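So that the names make sense, note that chain A is the first sequence line, chain B the second, and so on, each numbered from 1. Note that this is a predicted model, so its numbers are computed, not measured. Heavy-atom basis, side chains included; hydrogens, waters and symmetry copies ignored.
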Amino acid sequence: MQDYIKGLNERQKEAVLHIQGPIMIIAGAGSGKTKVLTTRIAHLMASGIDAFNILALTFTNKAAREMKERIEHILGGNEARNLYIGTFHSVFARILRAEAHRIGYPNNFTIYDTDDAKSVVKAVINEMHLDDKLYKPSQVYNRISSAKNALVSPADYATDYYVQQEDIRANRPAIAKIYDSYCKRCFKNGAMDFDDLLLKFYELLKTNPESLSKYQHKFKFILIDEYQDTNPAQYEVIKLLGAMHENVCVVGDDAQSIYSFRGATIQNILQFQKDYDEVKVVKLEQNYRSTQTIINAANDVIGKNKGQIPKVLFTENAEGEKIRIVKTMSDNEEGKFVADSIQEQKLRNHFLNKDFAILYRTNAQSRAFEEALRRMAIPYTMYGGVSFYQRKEIKDLVAYLRLIINSRDEEALKRIINYPVRGIGKTTIDKIILLANTHNKTMWEILVEAAQHGFRAGTLEVINNFVTMIRSFSSMLEKHNAYEVAFHVGKNTNLVRELFNDKSTEGLQRYENIQELLNSIKEWVESPDNEDGEVVDKGLGAYLQQITLLTDADEKDPDADTVKLMTIHAAKGLEFECVFAAGLEEMLFPNAMSINTREELEEERRLFYVVVTRAKKKLWVTYANTRYKFGQLVQNEPSRFIEELPEQLLDRSYAGGGTKMSNNFGGSAFERMNSGFGGGWSGGKKAAEDAEKRYGPPPSKKSATPSYLPPKMEKKVTDHTPTENFVANEVTELAVGQKVEHQKFGFGEIIKMEGASHNPMAIIKFETNGEKKILLNYARLRIVG
DNA sequence: TGGAGTATACTTTTT
DNA sequence: GTATACTCCA
């Protein structure tokens, strides 16, 4: 028997060794799902199946990368590079680049990211003269996206009684029309949004028997990761692709289905067994990740859900520590408690920063943790921010590149037609759009034939110059690689110089980002990897396609020794020694938006199940008594999910039994926790000093980015510890010229007061943080002296 | 045309 | 509270 089989348990072996015919693997959390998938692929190859005939689809680039690496590790050599492993979106996009012409799209189609897509929706709404208060672009876009994911065409959408009733009730009956126009507009622009990558691929297979047959023959073995997260579009594609050989292997866990709001449906798991005559079903129920305590708690939690495939997770791991339930007085206290606990665990149990994760329901919760971690000089990485490629200056340069690849790309054109400023103002642009719409041409075509459209002489000249410039860039494409073109564009548009001349901190950062972009294009061009063994496309088009499909998580090093902060959604598939599940409060988690139906609540519960099962050794569940939500202080009840945990597995000694104990909580949570440890450790302040010795001083605006800060932290605030007994003065007492103290920004002087009386503001020049505009209704200021 | 001043939004969102 | 988007005026 091959070596790679030896490390598997019986169920896992079954899953790996079953080669022919459909198989569904129900893989509980931490049951070695990735191991099974990768070993299975290795086994297929060892059994003589050509790597070119294997397709493996994941949801994230990260998962795809990890899978590839692990297979390479098992097999050695470089056979694995011929495998088709990637995300649904990237694999389909790659195929569509070869086949798009068959469904009327240009092969060099642009991929619109969510921002581009919303911008198109907005343009459509404006052109239809609809009220954009009622038709909010992002809401309309979400609706369109849901329709696409459910394979509901504009025509279906318009005629579906139930859907129409919904829109009419929401007073937005025109969405069907917007949807239709949106699709037509994207088509005209030669662009596909993320959903289109799935949808158009489906269309291709559905309407082109040759294409279908080609890819059915190519992909003789298909494997799908995270099957519970697939939507109807993905489901249909898999069904079509797999119809010929029926060698489809899906791996999923219904208990971890947390993306129904993106169109995912557990139905796909249930349906799978009906789609084929004989489906082998394997359940992986042994957990190798967590302690018994954590597994028992997780089982109890998920047991409260009605709809699920029966299974019980078990583990042979040690019993482990009890789950700590921690109540804090406020969101900031919660942050402080977590940061203190991390510091303490590191010192007592020799954990590394990267052993910790702070997981929360919403991104807005990250602030308190960031502040607390920074104060303690604990390095961290926050996920869920904007991708590098979403930054304004990056998108600007990329827009030029997009336009020269695909002149129909209107979003790109609009973005840069007057940036850097060249005298094509709003009036002119509106006129171009109008002309384009009335003549049914693209904006670019109007520009090219501008002479016929009666522009003023001066305007005509700048338009012609613009057209000439873009054309000169396009002509470079044949003989130059992506880097050479991008460099040339940056230089000749004056875009780089513009940023270079901006000497503000932000301007400097932007300039550096552009340099980084150019470097990364260069790297990409020079990298030798030849995925799929096909001819490597180092052209600009391939590059653009690739970067649109990257997220901020792809830019971060998961192995960096930093504490990880992310939403629970983002944490699915990951594991950590120590996990802080934060903000376990009613209305936050479960979220207020998701408690109206049983289905919604069950999804929230699955989310809780996911966060619990991320922990290997230690789990904290924290909640705050009060929390700022949208600038308002609100009281919170502890989450119902806490009560659903079996009491005997909990340690509530950190929680305080209510207000009585919390009155004694004078110091930081850290001091409270450590009062019983018998000396040696005297409190949070000392911890901070200690950390300072180890990591250097806390970040300040003047210093260069300290190495422990994540690279993307642009906003640096010098931390200020408020004076003891800080008492804020009344807003009415404040006046220009006064010296004041702000709890976060420190000491400063009021230079100016402004704003309406109901919303007064003060411009304050701070000693360490520069000038800031402070909203007095929210900020608390103490008059000094 | 661009900057300041005002309005608005904020659940998750793998791509 | 904060980040971003829009509007309006100079």
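- Among the protein residues, A:Thr548 comes within range of no part of the nucleic acid, since none of its heavy atoms lies under 4.0 Å from any strand.
- Between the CD atom of A:Gln234 and the P atom of B:dT13 there is a distance of 17 Å, rounded to whole Å.
- Under the Watson-Crick or G-U wobble criterion, with both distances below 3.5 Å, B:dT11 is left unpaired in every strand shown.
- Base orientation of C:dT4: anti (glycosidic angle beyond 90° from 0).
- Looking at heavy-atom distances under 4.0 Å, A:Asp552 makes no contact with the nucleic acid at all.
- For B:dT13, the OP1/OP2 oxygens have a side-chain nitrogen or oxygen of A:Asn363 closer than 4.0 Å.
- Seen from the ring of A:Phe369, A:Arg374 does not count as a face-on cation partner, given the 6.0 Å and 45° thresholds.
- Rounded to a whole Å, the CG atom of A:Leu549 is 18 Å from the P atom of B:dT13.
- Remark: A:Glu127 CD is packed, more than 12 non-hydrogen atoms of other residues, nucleotides or ligands lying under 6.0 Å away.
- Both A:Met593 and A:Asp229 lie near DNA chain B, and the one whose nearest nucleotide falls closer to the 5' end is A:Met593.
- Remark: P of B:dT12 and CG of A:Leu601 are 18 Å apart, rounded to the nearest angstrom.
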Applying side-chain contact (heavy atoms from CB on, under 4.5 Å) to A:Glu603 and A:Phe261, what does each step give before you reach the verdict? CA-CA 10 Å; A:Glu603 176 140 331; A:Phe261 66 92; 4.2 Å; yes

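- The CG atom of A:Asn142 sits 12 Å away from the P atom of B:dT12 (whole-angstrom rounding).
- Using a 4.0 Å heavy-atom criterion, one finds that A:Asn61 contacts the sugar-phosphate atoms exclusively.
- At a threshold of 4.0 angstrom between heavy atoms, the contacts of A:Asn418 are confined to the sugar-phosphate backbone, with no base atom among them.
- Rounded to a whole Å, the OH atom of A:Tyr419 is 15 Å from the P atom of B:dT1.
- Below the 3.5 angstrom threshold, one finds a donor paired with an acceptor across the side chain of A:Arg361 and the base of B:dT12.
- For A:Asn591, counting side-chain heavy atoms from C-beta on, the closest listed nucleotide (B:dG2, B:dT13, B:dT11) is B:dT11.
- A cation-pi contact links A:Lys556 to A:Tyr383, judged by a cut-off of 6.0 Å to the six-membered ring centre and 45° from its axis.
- Here B:dC10 is the nucleotide among B:dT12, B:dC10, B:dT11 with the atom lying nearest to any side-chain atom of A:Ser138.
- Side chains of A:Arg262 and A:Ser146: a donor-acceptor N/O pair is absent below 3.5 angstrom, by distance only.
- For the pair A:Arg606 CZ and B:dT13 C1', the computed distance is 16 Å after rounding to whole Å.
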Stepwise side-chain hydrogen bond (donor to acceptor under 3.5 Å, both in side chains) check, A:Asn231 with A:Tyr259: CA-CA 9 Å; A:Asn231 62 36; A:Tyr259 278 105; over 6 Å; no

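- Among the heavy atoms of the strands, none lies under 4.0 Å from A:Asp113.
- If you check B:dT11, B:dA9, B:dT12 against the side chain of A:Lys136, the one that comes closest is B:dA9.
- Here the side chain of A:Lys426 is nearest to one of B:dT13, B:dT12, B:dT1, namely B:dT1.
- Residue-to-nucleotide proximity on DNA chain B shows that, of A:Leu607 and A:Thr427, the 5′-proximal contact is made by A:Thr427.
- Per the geometry, CG belonging to A:Leu359 stands 14 Å off P belonging to B:dT12, to the nearest Å.
- Stacking of the aromatic ring of A:Tyr259 onto the base of B:dT12 is not found under the criterion of centres within 5.5 Å and planes under 30°.
- The separation between A:Glu604 atom CD and B:dT11 atom C1' is 8 Å, rounded to whole Å.
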